[in-house]
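Working notes, structure below.
For the numbers below, each heavy atom of this structure counts, side chains included, while hydrogens, waters and symmetry mates do not. These figures come from a predicted structure and were not determined experimentally. Letters A, B, ... mirror the listed sequences (proteins, then strands); counts begin at 1.
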There are 2 protein chains.
Amino acid sequence: MAIHGARGRSGGRPTLEEVAARAGVGRGTVSRVINGSPRVSDATRAAVEAAVAELGYVPNTAARALAANRTDAIALVVPEPETRFFAEPYFSDMLKGVGAELSDTEMQLLLIFAGSDRERQRLAQYLAAHRVDGVLLVSVHADDPLPDLLAQLEIPAVISGPRSAAETLTSVDSDNYGGARSAVEHLLARGRRTIAHITGRQDVYGAQRRVDGYRAALRDSGHEVDERLIEPGDFTEGGGRRAMAALLDRCPHLDAVFAASDVTAAGARQALRDAGRRIPDDVALVGYDDSAIARHMDPPLTSVRQPIEEMGRAMIDLLLTEIADRRPTVSRDLERRQLVLATELVPRTSS
Amino acid sequence: MAIHGARGRSGGRPTLEEVAARAGVGRGTVSRVINGSPRVSDATRAAVEAAVAELGYVPNTAARALAANRTDAIALVVPEPETRFFAEPYFSDMLKGVGAELSDTEMQLLLIFAGSDRERQRLAQYLAAHRVDGVLLVSVHADDPLPDLLAQLEIPAVISGPRSAAETLTSVDSDNYGGARSAVEHLLARGRRTIAHITGRQDVYGAQRRVDGYRAALRDSGHEVDERLIEPGDFTEGGGRRAMAALLDRCPHLDAVFAASDVTAAGARQALRDAGRRIPDDVALVGYDDSAIARHMDPPLTSVRQPIEEMGRAMIDLLLTEIADRRPTVSRDLERRQLVLATELVPRTSS
DNA sequence: AGGTACTGTGGGAGCGCTCCCACAAGTGAT
DNA sequence: ATCACTTGTGGGAGCGCTCCCACAGTACCT
């Protein structure tokens, strides 16, 4: 942990040159050892490593960045205010995966919030200065200009949750379609016949896919899709409550509800209670996200779990590949990479 | 936001040199304008600024760092695992203050977790490489070697919550002594006469100061300090419960309790309930931190608020000063700076 | 008139690396 | 013995800045 040994004449930190002198080799050779090049004999490598240890040499990042034109840093950009970042476990889980995958790398992770216009401005400057080798983008809205800025600056980037089926950036997503399917299939398997769906905001691609999955599950099991059973929500509790009330009004005979998020389900539950319907006796309820809310709801809520941590890991993998790819060759034929990870239904007593 | 205008021949980003050529001035002059030196005529400044805008020039951070031997970055080091960071509002509040104070600076903030040994190792490397100009240290335990490492590497640092009265690092703290005093004085003013204290972990300096404040408040108002009314706790709920039980056993006539944290108070409340004591009718209860727990307790808990966000701001102020101070002169006579911010009692129904 | 001081400016040197070319020494085929 | 590679190595050039010295120009004193 401690830095030991003698220093260069100036009292500052040792340089490559000093290590080279100590090991009795040239500058280039030390550089090769430091960077793990295979073109060094074992004896030389050992000598250099000894000199590095004796002097407590640590490479100067700035010099390296200047000479090699890379920063060895990537940014996790959160286009939200800090508050939401801390409030939602989504980010914390993702950060855990990202951190884990990065931990055996030399890469440094920067966390950048871009909630306000001011922060956006700063971020743009930051990216223009190419202060990171790549960017991880989470929770981006459909009309966000950030992805385009990144493309224009030719900065490698990976987005979690593509903006549409035609997303141009490399993306990682969970299987919203399959997740929704499994929720509906679960309800069908439990004998439910009239299954309603409260959707998420339809300008979010993932929410659209959940509707698609809902439809497909019904059709594939020979049921007809009744459009009156699909009610728009907005991922909020209030939205869930209102949507549920509307559904009960329109189709009082429904016996199950698939909500596009746990928070939405919480709102729906309230409306169901107000209408005197028991869960799951009268109406079965399934949510999405498998958040803390689901576990603590009364009754505990069946929900679809997304592998957020794994998504974080995958994003790093893809980003590092992308960064590595663009280094030697000029071939820009990087085909679109879109990774979709499986979800998992977590059954609880609400269904 | 967009980068417009022509570039240098190579298609890369424009350099200082190119801006100089375009503005018809020398390299040094452009550098002076960029860095806001006053030694530039207004006309020249305008010409350079125009050239900068036309070319979309953004300084190369690596080159600047190499030449000037600074990084324009500071690290917020959290010697805890990520999990605790997200769980405790303390960090989020502090981050808010830090971010706000930094927002009109060129400084970049890095968030570094050093919970595991592995991460510690990385951090040591990171600091040895002088990749930041300064460090903010939060939530450090008494025996942590990190402060010494920072001192050894001569990296400017500010610590929140000094490790002892003899803290060598510049520190920012809330007034634990005064906070405890105000809590006890509040109880006295409400007519309580037998006031117990459940302490925090005594290897935490702040907890010691709270005991001091408790004692002083009693003495200064002419009361004798009964040592049997002081029971050690450890900031946990279980500790609070056990301590409360012990106190009730030993001094059943007590009519008030000052707990060293809200969580401790929550534990104490439980023990009081179990013993059939009503709050505040039989026993008044005061906590410390003014956390969410305090607001949601039944009954709502009177607590001592610490100005965490302000502490974050103050830490940045001090750190920036420290960084600036060490730049030109070699005079290392920086006297110890210890800032203490006032706390505030938030009265609720528990007392 | 000469001296002194300050202002504004240009550009050389150098920060500590990586990249790459040059080259010595070894290896094996001809 | 010659050529053609391969392997390992040294060190020049250059990345884009900042720092600082030099110097022209102006202003204000003697």
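Between the CD atom of B/Glu18 and the C1' atom of D/dC15 there is a distance of 13 Å, given to the nearest Å. The distance between atom CZ of B/Arg70 and atom P of D/dT18, rounded to the nearest whole Å, is 7 Å. The distance from atom CG of A/Leu66 to atom P of C/dT18 is 11 Å, rounded to the nearest whole Å. As a whole-Å value, the separation of B/Asn60 CG from D/dG16 C1' is 6 Å. Between B/Leu16 atom CG and D/dG16 atom C1' there is a gap of 7 Å when expressed in whole angstrom units. In this structure, A/Arg131 atom CZ and D/dG16 atom P are separated by 17 Å, rounded to whole Å. Protein atom NE2 of A/His130 is 15 Å distant from nucleotide atom C1' of D/dG16, rounded to whole Å. Here D/dC15 presents its P atom at 10 Å from CD of B/Glu17, a figure rounded to the nearest Å.
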What pairs of nitrogen or oxygen atoms, one from the protein and one from nucleotides 24-27 of chain D, lie under 3.5 Å apart?
none

**Report entry** Per-nucleotide pairing state of DNA chain C [Watson-Crick or G-U, under 3.5 Å; [ ] pseudoknot-crossing; | other strand]
**Finding:** ||||||||||||||||||||||||||||||
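Under the rule for a side chain to side chain donor-acceptor pair (under 3.5 Å), A/Arg27 has no partner lying at least two apart in sequence or in another chain. By the side chain to side chain contact (heavy atoms under 4.5 Å, CB included) test, A/Ser92 is found to be paired with B/Phe86, residues two or more places apart in sequence or in another chain being considered. Under the rule for a side chain to side chain contact (heavy atoms under 4.5 Å, CB included), the partners of A/Ala62 that lie at least two apart in sequence or sit in another chain are A/Asn60, B/Ala65, B/Leu66. Evaluation of the side chain to side chain contact (heavy atoms under 4.5 Å, CB included) rule for B/Ala47 yields no partner, not counting sequence neighbours. B/Arg313 is linked by a salt bridge (Lys or Arg N to Asp or Glu O under 4.0 Å) to B/Glu101, B/Glu309, counting only residues two or more places apart in sequence or in another chain. Every residue two or more places apart in sequence or in another chain was checked for a side chain to side chain donor-acceptor pair (under 3.5 Å) with A/Arg45, and none qualifies. Here A/Glu119 pairs with nothing under the salt bridge (Lys or Arg N to Asp or Glu O under 4.0 Å) rule; sequence neighbours left out. With sequence neighbours excluded, the residues forming a side chain to side chain contact (heavy atoms under 4.5 Å, CB included) with B/Arg64 are B/Ile34, B/Asn35, B/Pro59, B/Arg70, B/Asp72, listed by chain and number.
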Report task. Test B/Thr15 against B/Val19 for side chain to side chain contact (heavy atoms under 4.5 Å, CB included), laying out the working first. Result -> CA-CA 6 Å; B/Thr15 69; B/Val19 174; over 6 Å; no
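Between A/Asn35 and C/dT18 there is a side-chain polar atom (N or O) within less than 4.0 angstrom of OP1 or OP2.
Legend: side-chain hydrogen bond (donor to acceptor under 3.5 Å, both in side chains) pairs involving residues 135-149 of chain A, not counting sequence neighbours, sorted by first then second residue: A/Glu80-A/Ser139, A/Arg120-A/Asp144.
In summary, A/Arg22 and A/Glu54 engage in a salt bridge, as defined by a charged side-chain N under 4.0 Å from a carboxylate O.
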Requested in this report: Quick one, give me the B/S/- string for nucleotides 7-12 of chain D, reading 5' to 3', where B means a protein heavy atom under 4.0 Å from the base and S means that only happens at the primed atoms, P, OP1 or OP2.
Outcome: SSBBBB
